[in-house]
Amino acid sequence: YPKSGTTWLKALTVALLERSKSHSSYDDHPLLYDNPHGIFSASRRLLSTHMPLHAMHETLKHSSCKIVYVCRDVKDTLISLERFCNGTIFYGPFWEHLVGYWRRSLEDPKHVLFMRYEEMKAEPHEQIKRLADFLGFPFTKQEGNLSSLEVNKTGKRNNLNNKDYFRKGEVGDSKNYLTPEMEKKIDMIIQEKLQGSGLKF
């Protein structure tokens, strides 16, 4: 879902996978000349999708493919409160999407890694190591601040400026945008929709 950390996750994945390749210099690293979304679009090994898990389940059932899913506290990802409260977001019903990947990660942790944006922010070293281990590419050092790279300040992808893929990314920033009443309503919806799943925000 939008503003859930997918750009960051894609960049980390590219950085991890690129470590296995020999580059003549740091200057030819793909993250220096393309936005993470562009690299994923051009790759034959990487796929980024907003499809719910059930739409791909049969195809992936006997595949060795690995899935990495990133979620974020829903209050920090809101674009439209009304759509959220109705459960109708751009890519289908939000709750089924979230809980589908969550449950699959518990049932099949060798093929589905469920990551939380808040944990990535709070403990980046541990979470990056977790991602690297899952992908089979041990991480030795971070690539740096992606939003400061020139390629991510300029250019466009799908009629969206590259710089728009990055924002403050502060955990709990929703408090600056939501009224207490809005937060209460969202908390009630979260409790109802995630009841019995074991997933909590």
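Only heavy atoms go into these numbers, but all of them, side chains included; no hydrogens, no water, no symmetry mates. Values in this document were obtained by computation on a predicted structure and should not be read as measured data.
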K.L.:
Please examine the side chains of Ser4 and Tyr117, heavy atoms only from C-beta on, and report whether any two atoms are closer than 4.5 Å.
P.N.:
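Contact flag for Tyr117/Ser4 side chains = no.
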
K.L.:
Side-chain contact, heavy-atom cut-off 4.5 Å: Val70 with Met120?
P.N.:
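Val70 reaches Met120 side chain to side chain.
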
K.L.:
Which residues satisfy the side chain to side chain donor-acceptor pair (under 3.5 Å) test with Arg130, sequence neighbours excluded?
P.N.:
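Only Gln127 meet the side chain to side chain donor-acceptor pair (under 3.5 Å) criterion with Arg130.
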
K.L.:
Can you list everything that forms a salt bridge (charged side-chain N to carboxylate O under 4.0 Å, His left out) with Lys66? Sequence neighbours excluded, please.
P.N.:
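Listed in chain order: nothing, the list is empty.
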
K.L.:
Could you tell me which residues satisfy side chain to side chain donor-acceptor pair (under 3.5 Å) with Thr179, sequence neighbours excluded, listed by chain and number?
P.N.:
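Thr179 satisfies side chain to side chain donor-acceptor pair (under 3.5 Å) with Glu181 once adjacent residues are dropped.
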
K.L.:
Checking Glu119 now: which residues fulfil salt bridge (charged side-chain N to carboxylate O under 4.0 Å, His left out) with it, not counting sequence neighbours?
P.N.:
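Applying salt bridge (charged side-chain N to carboxylate O under 4.0 Å, His left out) to Glu119 gives Arg116.
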
K.L.:
Mind checking the OG-CE spacing from Ser63 to Met56? Nearest 0.5 Å is all I need.
P.N.:
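If we round to the nearest 0.5 Å, Ser63:OG and Met56:CE are 10.5 Å apart.
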
K.L.:
Does Leu47 belong to the same Ile/Leu/Val/Met/Phe/Trp/Tyr cluster as Val14, with side-chain heavy atoms less than 4.5 Å apart forming each link?
P.N.:
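Leu47 does not cluster with Val14.
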
K.L.:
For Tyr101 and Tyr69, take the angle between the two ring planes, folded into 0 to 90°, and tell me which bin it lands in: parallel under 30, tilted 30 to 60, perpendicular over 60.
P.N.:
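Ring orientation, 0 to 90° scale: parallel.
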
K.L.:
Taking atom CD as the centre, does Glu123 end up with more than 12 heavy-atom neighbours from other residues, nucleotides or ligands that are less than 6.0 angstrom away?
P.N.:
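More than 12 within 6.0 Å, yes.
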
K.L.:
Does Leu106 form a side chain to side chain contact (heavy atoms under 4.5 Å, CB included) with Phe114? I'd like the steps, not just the answer.
P.N.:
CA-CA 9 Å; Leu106 298 175; Phe114 191 93; over 6 Å; no

K.L.:
Output all residues satisfying side-chain contact (heavy atoms from CB on, under 4.5 Å) with Leu135, sequence neighbours left out; order by chain, then residue number.
P.N.:
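Residues passing side-chain contact (heavy atoms from CB on, under 4.5 Å) with Leu135: Thr13, Leu16, Val68, Leu131, Phe137.
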
K.L.:
Once you round to the nearest 0.5 Å, how far does CG of Leu98 lie from CG of Leu53?
P.N.:
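If we round to the nearest 0.5 Å, Leu98:CG and Leu53:CG are 11.5 Å apart.
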
K.L.:
Enumerate, atom names and distances included, each donor-acceptor pair closer than 3.5 Å involving a side-chain atom of residues 194-201, sequence neighbours excluded.
P.N.:
residue: Ser197; atom: OG; partner: Leu194; partner atom: O; Å: 2.8
residue: Ser197; atom: OG; partner: Leu199; partner atom: N; Å: 3.1

